[in-house]
> 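Dropping a structure here in structure tokens format, bear with me for questions.
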Amino acid sequence: MHNVLNEKQREAVYTDAGPLLVFAGAGSGKTRVITHKIARMIFEHNVSPYRIMALTFTNKAAREMVERIENLVHVSAKGMWIGTFHSQCARILRREKVYGGVFTIYDTDDQKKLLKNILADLGLGDSKRFSPNDVQHRISSLKNRLITPVMFRDAVTNTFDELFVRIYAEYERRLSASQALDFDDLIFRVIELFKGNNEVCEKYQENILYLLVDEYQDTNLAQYELIKILASRHRNITVVGDDDQAIYSWRGADIRNILEFEKTFPDAHIVRLEQNYRSTKTILDASNSLIRRNKERKEKSLWTENEGGEKVDLVYVVDERDEAAYIARQAQGSDGPGTAVFYRTNAQSRSLEEAFRNNGIPYVIVGGLRFYERKEIKDVLAYLRLIVNPADDISLERIINVPRRGIGEKTMDELRRYARENNQVLFQAVQNYGRLTGLTQRERDAVAGFKNRFEDFQAYPRDDLKRFVSDIVRDSGYLQFLEQSSEEGVAERLENVGELITAVQEYCDRTPEATLEGFLEEVSLITDIDTLADNGGSHVTLMTLHSSKGLEFDRVFVTGVEEGLLPLIRDNDENDTEEERRLMYVGMTRARKKLCLIHAAFRSRYGSSSQAVPSSFLDEISSECLRKIDNTGGRFRELASASGGSAYGAGHKRHPGEVIPLFENFSQVESTYRKGQKIYHPIWGPGMILSVSGFNENMKAEIKFQNASIKKVMVKYARLEFVGDE
DNA sequence: CCCGTCGGTTTTTTT
DNA sequence: AACCGACGGG
């Protein structure tokens with residue numbers, strides 16, 4: 001790493017006043033710019049740390065920023081408003097006593113549970129047209145665009161939307177009855193607060209002398225509005241981002257926020273950081289050649305003074321097992337630290353984990369089932385959440401009968417009925433158990449038992465939080481319930497609960513005024529990537545391409561570089577190839593010294609295997625950067641890639657974007673695939689079709705092979721050969 | 001009310 | 001292949 005700021009970095013750091021947009025290419029030292037800028041404000045301009053706000057997307061990025069600032073100025077960064085959009089907004093809402101300063105933050109899982117209840121109550125429980133998933137997604141994207149149910153109602157044109165708006169409105173009503181906010185609310189509510197209360201709004205506007213925003217390309221409309229409001233008084237706003245690394249449009253991020261920053265702030269100064277300090281010249285050239293294909297981007301090109309380095313390996317493997325074995329072999333040969341493996345979907349991690357475990361290679365996996373989303377953790381947290389906020393119906397429903405207390409669905413229905421009719425929350429209904437007329441004595445006793453037990457919990461002293469939590473885990477019977485569970489993985493679950501209690505202790509140790517509320521808030525806004533140690537340990541790190549943004553490793557493997565997987569193609573909504581290309585670009589530019597791209601001849605998805613086509617992205621990378629390695633032993637002729645010829649030179653030229661029909665005539669195909677047909681599969685050898693399902697390109701065949709294994713394959717990809725009867 | 005089994009669905013990405 | 005919810009017997 002260089003020790004002095006380069007000319008462009010200086011320009012960004014020394015632009016003291018007014019709006020500033022920094023295009024910061026991958027590895028160009030953007031965190032360096034932000035931290036130096038903040039340090040300079042404090043030192044050169046004597047700005048109080050309290051008047052600086054820096055917003056990030058992950059806690060990890062925020063923490064890194066704090067550490068680096070403290071290293072620069074040797075002054076505690078405490079008191080600075082540095083944190084994620086969500087955590088800073090939660091902080092504002094608590095300060096301003098929204099819901100009296102006591103509210104619960106619902107995660108996606110909680111949202112879906114709530115929506116499921118609502119759908120059931122509206123008689124849409126098993127409607128095909130409304131699934132909790134879809135509805136959650138729609139609501140989230142409306143909130144991202146600051147659209148309330150009332151606003152949306154005006155735009156309704158059909159009965160489907162009419163019904164949807166009823167669900168949305170009811171969702172809002174119940175959230176508020178439970179004193180709960182979802183992730184999107186945290187930002188939305190701050191904006192509402194500011195718009196509805198001039199005094200409060202001006203207080204923050206006046207206070208924030210400098211506003212800095214990291215990863216600006218990932219902001220959505222709500223975040224953009226928030227930034228605009230916060231910066232409007234002093235107009236000292238610095239946004240740092242890279243349109244080439246925008247990979248969250250599906251979550252409402254709007255790339256126009258960065259592309260059109262100059263429209264919002266016409267006097268904006270613009271600085272481009274294009275010198276890359278991270279990667280070898282070869283890796284950078286390869287990445288540049290790929291991203292250049294995108295149309296919707298600001299023209300720029302990264303350069304470096306680093307050495308050329310090794311070529312980028314393009315490895316052809318048989319299938320995911322072979323892929324994992326190849327990586328395991330490579331990882332073994334090197335000295336561990338600084339190796340990462342990326343994949344497009346979490347499901348791909350399974351085969352990798354297996355290979356690493358079998359080869360005794362230590363690995364750390366980021367993402368997937370996150371710690372705080374594990375069932376046992378959510379159960380314990382639900383107890384704590386309900387203690388803090390008894391109005392939290394979702395948490396009550398979660399634990400009232402865990403462990404079993406004889407409170408089943410029938411009893412719950414009665415509780416819900418009573419609560420609804422009396423306009424109360426579920427916990428109040430529990431407290432009024434004597435008036436639950438629809439219950440037997442035995443059922444009423446069960447409810448009373450829970451009430452008494454729980455009211456005890458509420459009265460436990462909270463001066464020692466760790467003690468408090470472990471007492472509740474024990475006295476609720478949850479610990480015993482776990483221990484006696486017949487399910488697999490009991491040990492791991494107990495361990496997780498233990499880890500949670502440790503987390504409470506750690507929270508207390510580093511927080512001056514530790515409260516249960518504070519712990520819960522921190523926990524609900526944390527993600528796995530936040531807890532990732534700075535890849536110092538001698539392990540391989542596994543994660544999705546999305547999670548990799550902002551990180552760097554000496555050696556990077558990008559797996560599954562195949563058409564349909566990267567770029568990922570799903571069958572329903574529109575696919576965004578440019579965003580997929582950016583995702584690939586993000587992955588590639590994480591590598592410092594060595595980059596390895598892998599694609600397989602066969603890939604299983606949803607449990608069945610099919611033939612894979614090399615990603616069209618591979619054709620777009622300058623071939624002089626690549627070294628091709630065939631790890632299949634030449635057993636498989638490679639399929640032509642989707643956009644033009646094979647990466648290995650085989651196959652015929654096709655036009656970009658042209659879809660390759662693997663079979664020109666499907667009706668002919670269908671007629672030949674039938675039960676009893678003997679076939680030959682290039683991998684698994686001879687076999688016989690047991691059954692056929694689906695049509696045309698969706699047709700699947702279940703095949704029994706000679707080695708007695710039964711597999712389901714997509715006919716379109718499987719390249720089966722017919723074996724005639726003798 | 002509890003527990004086991006079956007069938008359908010799932011996997012894109014996350015604050 | 002794995003997870004979830006619906007269903008039915010104990």
Side-chain angles (χ1 to χ4, degrees), chain A residues 55-62 83-90 105-109 111-113 116 120 125-126 128 131-133 136-137 140 143-144 181-187 215 218-220 222-223 246-253 320 342-351 354 366-370 372-373 375 401-412 439-440 442-443 446 485-488 524-530 543-549 560 564-573 575-576 579-580 582-583 586-587 604-609 711-712:
Chain A
L55 299 174
T56 66
F57 278 86
T58 66
N59 294 298
K60 184 169 188 285
T84 64
F85 274 93
H86 293 87
S87 70
Q88 296 308 304
C89 284
I105 299 169
Y106 276 3
D107 68 13
T108 317
D109 191 54
Q111 291 181 63
K112 284 178 192 163
K113 284 207 158 115
K116 209 181 145 232
D126 33 35
K128 285 274 182 299
S131 74
N133 267 320
Q136 188 273 331
H137 189 254
S140 175
K143 287 190 177 182
N144 282 335
L181 299 174
D182 61 28
F183 286 139
D184 303 312
D185 283 335
L186 293 172
I187 292 160
E215 307 279 13
D218 286 333
T219 49
N220 59 35
Q223 288 157 337
I247 53 175
Y248 285 105
S249 75
W250 52 273
R251 216 170 78 188
E320 50 269 304
F342 302 152
Y343 34 80
R344 178 65 241 257
T345 67
N346 272 310
Q348 289 167 255
S349 70
R350 190 179 304 275
S351 48
E354 217 167 279
V366 176
L369 224 209
R370 284 174 293 288
Y372 287 102
E373 283 173 17
K375 193 168 164 295
N401 203 32
V402 179
R404 307 262 175 240
R405 298 186 177 94
I407 301 172
E409 237 357 80
K410 180 171 163 284
T411 311
M412 285 312 296
L439 296 184
T440 64
R442 182 198 171 94
E443 289 162 341
S485 162
S486 57
E487 286 168 52
E488 265 179 85
S524 41
L525 297 174
I526 219 163
T527 62
D528 242 34
I529 192 86
D530 297 329
M543 68 182 83
T544 62
L545 286 159
H546 281 89
S547 303
S548 77
K549 197 174 66 166
L565 189 58
L566 182 59
L568 186 75
I569 295 171
R570 46 266 206 259
D571 26 43
N572 16 357
D573 18 291
N575 302 298
D576 188 342
E579 178 144 320
E580 295 291 319
R582 291 193 290 266
L583 195 49
V586 165
S604 0
R605 244 175 121 182
Y606 305 110
S608 64
S609 180
K711 302 214 187 288
K712 225 174 181 177

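In what follows, every heavy atom counts, from backbone to side chain, and hydrogens, waters and symmetry copies are set aside. A note on names: the letters A, B, ... follow the listed sequences, proteins ahead of strands, and every chain is numbered from 1.
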> Grab the two heavy atoms, one from I247(A) and one from D218(A), that are nearest each other, plus how far apart they are.
N-OD1, 3.8 Å
> Does any part of the side chain of N220(A), heavy atoms only, come nearer than 4.5 Å to the side chain of Q223(A), both counted from C-beta?
yes
> Rounded to whole angstrom units, what separation is found between the NZ atom of K410(A) and the P atom of dC2(B)?
12 Å
> Any side-chain to backbone donor/acceptor pair from D107(A) onto S524(A)? Under 3.5 Å, distance only.
no
> Strictly below 4.0 Å: does N133(A) bring a side-chain N or O up to OP1 or OP2 of dT9(B)?
no
> Please report the distance separating the C1' of dT11(B) from the corresponding atom of dA6(C), rounded so that it comes out in whole Å.
23 Å
> Using whole Å, report how far CZ of F342(A) lies from P of dT13(B).
16 Å
> OP1 or OP2 of dT14(B) versus the side-chain N and O atoms of S547(A): is any pair under 4.0 Å?
yes
> To the nearest angstrom, how far is K112(A) atom NZ from dT10(B) atom C1'?
11 Å
> Measure from the side-chain heavy atoms of R350(A) and tell me the nearest of dT14(B), dA2(C), dC1(B).
dA2(C)
> For the pair made of CG in L525(A) and C1' in dT14(B), what is the distance, rounded to whole Å?
12 Å
> May I ask you to evaluate whether T544(A) reaches the phosphate of dT14(B), defined as a side-chain N or O under 4.0 Å from OP1 or OP2?
yes
> In Å, rounded to the nearest 0.5 Å, how long is the span from CG of L545(A) to OH of Y343(A)?
9.5 Å
> Name the nucleic acid region contacted by T108(A), choosing base, sugar-phosphate or nothing; use a 4.0 angstrom heavy-atom cut-off, strictly under.
base
> Both R605(A) and M412(A) contact DNA chain B. Which one's nearest nucleotide lies toward the 5' end?
M412(A)
> At under 4.0 Å between heavy atoms, what does F183(A) touch on the DNA or RNA strands: base, sugar-phosphate, or nothing?
base
> Taking only residues two or more places apart in sequence, or in another chain, which ones meet K116(A) in a side-chain hydrogen bond (donor to acceptor under 3.5 Å, both in side chains)?
none
> Atom NZ of K113(A) and atom P of dG5(C): how far apart are they, to the nearest Å?
8 Å
> By the 4.0 Å heavy-atom rule, please label Y248(A) as base, sugar-phosphate, or nothing.
sugar-phosphate
> Has the side chain of E579(A) got a donor or acceptor atom that lies under 3.5 Å from a matching backbone atom of S249(A)?
yes
> Nearest heavy atom decides the nucleotide; on that basis, is D184(A) or R404(A) closer to the 5' end of DNA chain B?
R404(A)
> Between atom CD in E443(A) and atom P in dC2(B), what is the gap in whole Å?
10 Å
> Ignoring backbone atoms, establish whether N401(A) has a side-chain N or O less than 4.0 Å from OP1 or OP2 of dC1(B).
no
> May W250(A) be described as stacking on the base of dT13(B), applying a 5.5 Å centroid limit and a 30° limit on plane angle?
yes
> Among dT13(B), dT14(B), dC1(B), which nucleotide has an atom closest to any side-chain atom of T345(A)?
dT13(B)
> Whole angstroms only, please: what is the CG-P distance between N346(A) and dA1(C)?
19 Å
> Without decimals, in angstroms, what is the distance between L583(A) CG and dT14(B) P?
10 Å
